[in-house]
Every structure is written in C-alpha cells, then in structure tokens.
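Structure record follows, encoded as structure tokens.
In what follows, every chain begins at residue 1, and chains take the letters A, B, ... in the order their sequences are listed.
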Number of protein chains: 2
Amino acid sequence: MPSAADRFTEPADPPRQLSAVDGLAQLSFVIQGLLEHRAGARQISISQMRLLGVLRDRTPTMNELATLLGLDKSSATGLVDRAERRGLVTRVPSSSDRRVVLVDLTDVGRALVAAVSARFEADVAALLEPLSPPDRSSLAAVVSRLLVAHADAHGVDLFPLA
Amino acid sequence: MPSAADRFTEPADPPRQLSAVDGLAQLSFVIQGLLEHRAGARQISISQMRLLGVLRDRTPTMNELATLLGLDKSSATGLVDRAERRGLVTRVPSSSDRRVVLVDLTDVGRALVAAVSARFEADVAALLEPLSPPDRSSLAAVVSRLLVAHADAHGVDLFPLA
DNA sequence: TATTGTTATACTCTATAACTATA
DNA sequence: TATAGTTATAGAGTATAACAATA
C-alpha cells in the first residue's frame, strides 16, 4: 500500500503512476476527507451526516434506521439522542403501534444536510476539474459500472452519506 | 446526494448512470467499507490500521506521529497506548534526547498490517475485476492525474492507510 | 412469547488543558 | 522558557446485555 503520506517526508517525490487499486484506495481517503472537512465546519460528524442523509427521503422507525446505517439499535438510540438534542431530528410516535418511534428531519436538520452535501459535492466536482469533459464522462461510466456490479454482487452493501 | 442505500427500499432500481461526482462519492464509501471490514475481521479499527500503516516505513517520534496522522499529541498517546497493550507497537526511548519517544512496529504488528493490507488490496482488485484491462489502465491513469493535481494543490492533504 | 426501543455499561477515539521531565 | 510527552477529563460513537412497554 504505497502511501500518500510519503509526500510528507519526501516532498520531491516524482509523480508516479499508481495502479488502479492504489489510486482508488487513496482517492477514497481524499474524498472522505473532503466530507469530513465540510461536515466538521458545521460541527457535524460523518455519523451524524449519514444519519441526516438517510432521513432526507425517509421517515424510518428506529429499527429501520439502525438497519439502514448498519448499527445496533442502541447505537441508533444514541445517535438520534444527540441529533435531537441539537434540534436536527425529532422523534414521532407511531399512530399504529405504540412501541414504534419514527425519526424525522427538522427544518434545521434538512437545511444543514443540504448545505453540507452541496459543499461536499462541489468539492468533489472541483477535484474532477483537471479532467477534460470526455475523461470525466468516461470516468463516470466506468465508476457506475463498478458500483452496479458491486451492488449486484453484494446486494445491500453500499452506504454513502444517505 | 443520491443514495446507494435507496437500493435497500427500492430493490428493483434500474441501473442508472451516476455522475462522476456521485459515483466517486459512493465508491469512496464502498472502498472505506472494504477496509473497515478487513480490519475489523482482525479486531482492528481504521485508526489503528492507519497507525500501523504509518509505521511500516518509519519510526517516528510521538510528535511526528501525531502530525502524520493529523491528531493531537494526546490522541496519539492513547492510540499508541492501546496498540502497545495489544503488542502491535513498542515505545523506544531516544538516545539523543531523553524527552523523546520513538514508536516502532513489532513483528506481530508488521504481520498484521501486511495481512490486512493484502486482503484489502485484493478486495479493491476484485471490485475492479468487471473492467477490461484497457478500462482498468485508463482508470488508473485518470485517477493518478487527479491525485497528483490534488496533492499539488493542497500539499500534504492525502492520508491513506499510511 | 416476540418485538420495539431504551438503559446500563464498557471500550475506542478524539480534543483541550494542565502537568512532568527534560532541553 | 520552550519542547516532548503524558495525564485528567469530557464527549461522541459503537457494542452487548438487560430491561420496560406493547403486541
């Protein structure tokens, strides 16, 4: 695993051509870093951002939420507790089953996730800016193919922000 | 931010063509998930994995280590404490300055990071398997260009495993 | 009895501030 | 005084196990 951090100690590193494997691995760290930075600017963790992202087009039960985020029920309780304390989400009792709690975005939460997402996507777009339009679209096509193949093979494995 | 998690509730989702921005954002989550999974199989967190990765080709001081990982000194102390308790790293007193502590991988730590890295890289390689060799190498070329441009623009921003 | 959600508890990870020991 | 590292403390995030309320 060649390290980009090597540039820290070897600044004169000649630009080498990375393998697709190494390049994508490094790129994934860069992109996660962009998200962390944009979310952090609003005092939001990646976990909170994923929570808000999931809620953008859903009002799930606590149980469904935990499954969507790949967390234990008790972890979801804590995550929602902290988000609720900050006014980003609300707990709504279900009318049909008194055991069930639904989780919903507040207006503040919705505005926050929209703002962070927009800035993050702009960052990724800026990252892609050195590419020519044809390069960009062939990259999009190749990456789409990878994601579709991966989703087909693993079903429900991918969990981006939302 | 289109969500891959949508496939959870809409399994019949037709394969859509994602934009390069959305595709790369999602792909970064997939790749981070692969790493988390392989590290987790050895009871190792991403933070511990990054620590071990940094130490693969360095024996830094605590201070250097904190800088390399982008952490506060005190966070590095805790990270190294836990790794040392598990026999993955050792603290070595500096011979030239009695305030300084160097951090080194143990053989166990070195074997662990090698094993996890190898499996993770194989996972990424498997992810790329649907691509034809020419597609793979053009992907490698494009991604390399992005990383070089990003490194040039931001200096020391990229922090993969190591 | 089974399910939904919370609570109790414990551990990792991170940060800030104060401290010790060198330099 | 300044630097290297640790400790004290606090909070987020996660998990397991036990629990209460409801079905």
Exercise. Rounded to the nearest Å, what distance is computed from the CG atom of residue Leu71(B) to the C1' atom of nucleotide dT6(D)?
Worked result: 16 Å

Exercise. In whole Å, what is the span from the CG atom of Leu69(B) to the P atom of dT14(C)?
Worked result: 8 Å

For this session: Please report, rounded to the nearest Å, how far the P atom of dT6(D) is from the CG atom of Leu102(B).
Result: 11 Å

Seminar exercise, completed: Taking dG13(D), dG5(D), dT22(C) as options, the one with an atom nearest any side-chain atom of Leu79(A) is dG13(D)

For this session: Look at the side chain of Ser47(A) and the base of dT14(D), then say whether one donor and one acceptor between them are separated by less than 3.5 Å.
Result: no

Seminar exercise, completed: Here the distance between atom C1' of dT14(C) and atom CD of Gln43(A), to the nearest Å, is 14 Å

Exercise. What integer distance in Å separates Asp72(A):CG from dT6(C):P?
Worked result: 12 Å

Exercise. Within the pair Arg82(A) and dG13(D), is there a side-chain N or O less than 4.0 Å away from OP1 or OP2?
Worked result: yes

For this session: Please lay out, stage by stage, how Arg91(B) and Asp104(B) fare under the test salt bridge (charged side-chain N to carboxylate O under 4.0 Å, His left out).
Result: CA-CA 6 Å; Arg91(B) 282 178 163 95; Asp104(B) 200 6; over 6 Å; no

Problem set entry | Minimum-distance nucleotide to Arg85(A) side chain [options: dA15(D), dA23(D), dA12(D)] | dA12(D)

Exercise. Roughly, in whole Å, what's the span from CZ in Arg98(B) to P in dA23(C)?
Worked result: 5 Å

Exercise. With respect to the phosphate group of dG5(C), does any side-chain polar atom (N or O) of Asn63(A) fall under 4.0 Å of OP1 or OP2?
Worked result: yes

Seminar exercise, completed: Picking from dT22(C), dT6(C), dG5(D), the nucleotide nearest the side-chain atoms of Asp97(B) would be dT22(C)

Exercise. Are side-chain N/O atoms of Ser94(B) and Ser96(B) paired as donor and acceptor at under 3.5 Å?
Worked result: yes

For this session: Identify whether Val116(B) and Ile46(B) are in the same connected component of the hydrophobic contact network (ILVMFWY, side-chain heavy atoms under 4.5 Å).
Result: yes

Exercise. In Å, rounded to the nearest 0.5 Å, how long is the span from CZ of Arg86(B) to CG of Asp81(B)?
Worked result: 13.5 Å

For this session: Could you check whether Arg86(A) gets within reach of a base, just the sugar-phosphate, or nothing at all, counting any heavy atom under 4.0 Å?
Result: nothing

For this session: When you get a sec, tell me which of dT6(D), dT16(C), dT22(D) is the closest nucleotide to the side chain of Ser74(B)?
Result: dT16(C)

Exercise. Toward the 5' end of DNA chain D, which comes first, Ser96(A) or Ser75(A), by nearest nucleotide?
Worked result: Ser75(A)

Problem set entry | Length of the CG-P vector between Asp81(A) and dT6(C), whole Å | 7 Å

Exercise. Without hydrogens or angle criteria, can the side chains of Thr61(B) and Asn63(B) be said to hold a donor-acceptor pair below 3.5 Å?
Worked result: no

For this session: Examine dG13(D): is either OP1 or OP2 under 4.0 Å from a nitrogen or oxygen in the side chain of Gln48(A)? Give yes or no.
Result: yes

For this session: Take atom CD1 of Ile46(A) and atom C1' of dA12(D), then tell me their distance rounded to the nearest Å.
Result: 14 Å

Exercise. With a 3.5 Å cut-off and just heavy-atom distances, do the side chain of Arg99(B) and the base of dT3(D) make a donor-acceptor pair?
Worked result: yes

Exercise. Do Leu51(B) and Leu65(B) have side-chain heavy atoms sitting under 4.5 Å apart?
Worked result: yes

For this session: Return the nearest nucleotide to the side chain of Thr61(B); candidates are dT7(C), dA23(D), dG5(D).
Result: dG5(D)

Exercise. Under 4.0 Å: is that the gap between some side-chain N or O of Thr77(A) and OP1 or OP2 of dT6(C)?
Worked result: yes

